[in-house]
Amino acid sequence: MKLYVVRHGQSGANLEDRHAGWRPVPLTALGRQQAQLARKSLEGVAFDRVYCSDLRRAKETAAIALPGSEPIYTAALREICVGKLDGLTFAECEKRYGQDYLDAERRQDFSAFGGETGEKMRRRIHGFLSELEKLPHVERVAIIGHEGTVRETLNYVLGTVIPLEHMEIQNASVSVFSLGEDGRKLLHWNHTGQL
């Protein structure tokens, strides 16, 4: 099975350095253009299934990048929940919560703010991927999600826990993975051109 995992295009929260978390944040004009580039990268690939985070920015990206598809929307592919930090800029969080916020951001553990831990998000996304891997007769799958979705797919495939600060995942980038009898592999990473 090949997985084509797409991060959503630039959102208003990305542009303003805000936590988007589980809020219904729309794409920007640039985000829509980025989704068009993802569409070009995915042209010619016939997908057996399309899964998409149920958050607005991912849904908008799916509609542009894979027009005519019928995504299966799921909360399992959401970004990490940041609780009461939703909608605040990073600077506002640091000013309001100081070192507690900086530590939470570094650890990706927002439980003190009513959100998720990185481990909880990891289990959620890895559980989804584990079930996906069991599906028979499914060769190509598109997943439209978030930075956390892409990162945790990479961690699932490689059997690692790579911290967020050690990778860059571009908006509307496509990363391709294979899951199968010969093992799990990373085939393309963070691609924003033609595959």
Side-chain angles (χ1 to χ4, degrees), residues 1-9 11 13-14 19-27 31 35 38 42 45 47-66 69-86 104 107-111 113-164 167 169 171-180 184-187 189-190:
M1 175 188 302
K2 274 192 179 178
L3 300 182
Y4 295 73
V5 186
V6 183
R7 183 184 179 195
H8 63 78
S11 70
N14 294 144
H19 283 288
W22 290 4
R23 291 176 64 236
V25 181
L27 296 181
L42 299 169
V45 181
F47 291 107
D48 298 307
R49 301 263 177 105
V50 176
Y51 293 94
C52 183
S53 161
D54 62 352
L55 297 175
R56 180 176 176 181
R57 55 201 185 271
K59 287 180 170 183
E60 288 181 7
T61 300
I64 296 167
L66 294 169
S69 66
E70 296 182 10
I72 299 165
Y73 300 109
T74 175
L77 296 173
R78 286 181 174 189
E79 184 57 275
I80 193 167
C81 177
V82 295
K84 65 183 179 182
L85 303 180
D86 260 353
R107 291 189 322 267
Q108 288 291 284
D109 178 354
F110 298 100
S111 57
F113 301 100
E116 288 182 296
T117 64
E119 180 58 32
K120 186 172 181 181
M121 180 186 68
R122 184 173 299 112
R123 285 194 310 267
R124 171 166 51 82
I125 294 172
H126 288 202
F128 171 86
L129 293 169
S130 177
E131 291 304 309
L132 182 63
E133 202 168 6
K134 295 173 189 173
L135 293 177
H137 314 298
V138 176
E139 294 184 22
R140 288 180 193 81
V141 174
I143 294 176
I144 314 297
H146 308 270
E147 184 177 51
T149 314
V150 180
R151 181 181 75 247
E152 288 311 324
T153 303
L154 177 70
N155 283 329
Y156 180 82
V157 167
L158 299 182
T160 58
V161 180
I162 302 173
L164 181 61
M167 65 178 72
I169 304 167
N171 285 111
S173 63
V174 180
S175 296
V176 185
F177 306 89
S178 68
L179 308 174
R184 299 170 181 163
K185 296 178 184 174
L186 167 63
L187 303 178
W189 177 251
N190 200 34

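For the pair N171/H8, a side-chain contact is recorded, criterion being any heavy-atom separation below 4.5 Å from C-beta on. Side-chain contact between L132 and M1: present, with at least one pair of heavy atoms (C-beta onward) separated by less than 4.5 Å. When side chains are defined from C-beta on, M121 counts as touching R151, because their heavy atoms get closer than 4.5 Å. L187 is listed as a side-chain neighbour of K2, based on a closest heavy-atom distance under 4.5 Å. Between L42 and V6 there is a side-chain heavy-atom pair separated by less than 4.5 Å. Put simply, the side chain of L3 reaches to within 4.5 Å of the side chain of L129, judged on heavy atoms. Using a 4.5 Å cut-off on side-chain heavy atoms (C-beta onward), H146 and L55 make contact. Between F47 and L66 there is a side-chain heavy-atom pair separated by less than 4.5 Å.
For A38 against A65, the heavy-atom pair with the smallest separation is CB-CB, 4.2 Å. Taking both residues in full, the closest heavy atoms of R49 and L135 are given as NH1-CD1, 3.2 Å, listed atom of the first, atom of the second, then distance. Smallest separation of non-hydrogen atoms from G148 and I125: O-CD1, 3.9 Å. When all heavy atoms of I162 and L154 are compared, the closest pair comes out as CD1-CD2, 4.0 Å. In this structure, A76 and R124 approach most closely via the heavy-atom pair O-NH1, 3.0 Å. Minimum heavy-atom separation, V50 to S69: CG2-CB, 4.1 Å.
For the residue pair E152 and H126, a side-chain donor N or O sits within less than 3.5 Å of a side-chain acceptor on the partner. There is no side-chain donor-acceptor pair under 3.5 Å between T117 and D109. At a cut-off of 3.5 Å, with distance as the only test, no side-chain donor of N190 or S175 sits close to an acceptor on the other residue.
Note: F110 CZ to E116 CD = 10.0 Å, rounded to the nearest 0.5 Å. To the nearest 0.5 angstrom, K120 atom NZ is 10.0 Å from I80 atom CD1.
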Using the rule given for side-chain contact (heavy atoms from CB on, under 4.5 Å), can you reason through V5 versus F177, listing the C-alpha separation, both sets of side-chain angles and the distance that settles it, and then say yes or no? CA-CA 8 Å; V5 186; F177 306 89; 3.8 Å; yes

Criterion side-chain contact (heavy atoms from CB on, under 4.5 Å) on I143 and Y4, from CA distance to verdict: CA-CA 6 Å; I143 294 176; Y4 295 73; over 6 Å; no

Which is it for W189 and V150 under the side-chain contact (heavy atoms from CB on, under 4.5 Å) test, yes or no, and what are the steps along the way? CA-CA 10 Å; W189 177 251; V150 180; 3.8 Å; yes

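With R78 contributing its side chain and W22 its backbone, the two residues share no donor-acceptor pair below 3.5 Å. Panel note: side chain T149, backbone L77; a donor-acceptor pair is recorded below 3.5 Å. Under the 3.5 Å distance criterion, the side-chain polar atoms of E60 are matched with a main-chain donor or acceptor of L27. In this structure, R57 contributes its side chain and R23 its backbone to a donor-acceptor pair below 3.5 Å.
Salt-bridge annotation for D54 and K59: absent, with no side-chain N of the basic residue lying under 4.0 Å from a carboxylate O of the acidic one.
Counting heavy-atom neighbours within 6.0 Å of E139 CD, excluding the residue itself, gives a total of 12 or less.
The cationic atom of R184 (NZ for Lys, CZ for Arg) lies less than 6.0 Å from the six-membered ring centre of Y156 and within 45° of the ring axis.
Taking the centre of each ring, Y51 and F128 come in below the 6.0 Å mark.
Checked against side-chain hydrogen bond (donor to acceptor under 3.5 Å, both in side chains), E147 has no partners two or more places apart in sequence or in another chain.
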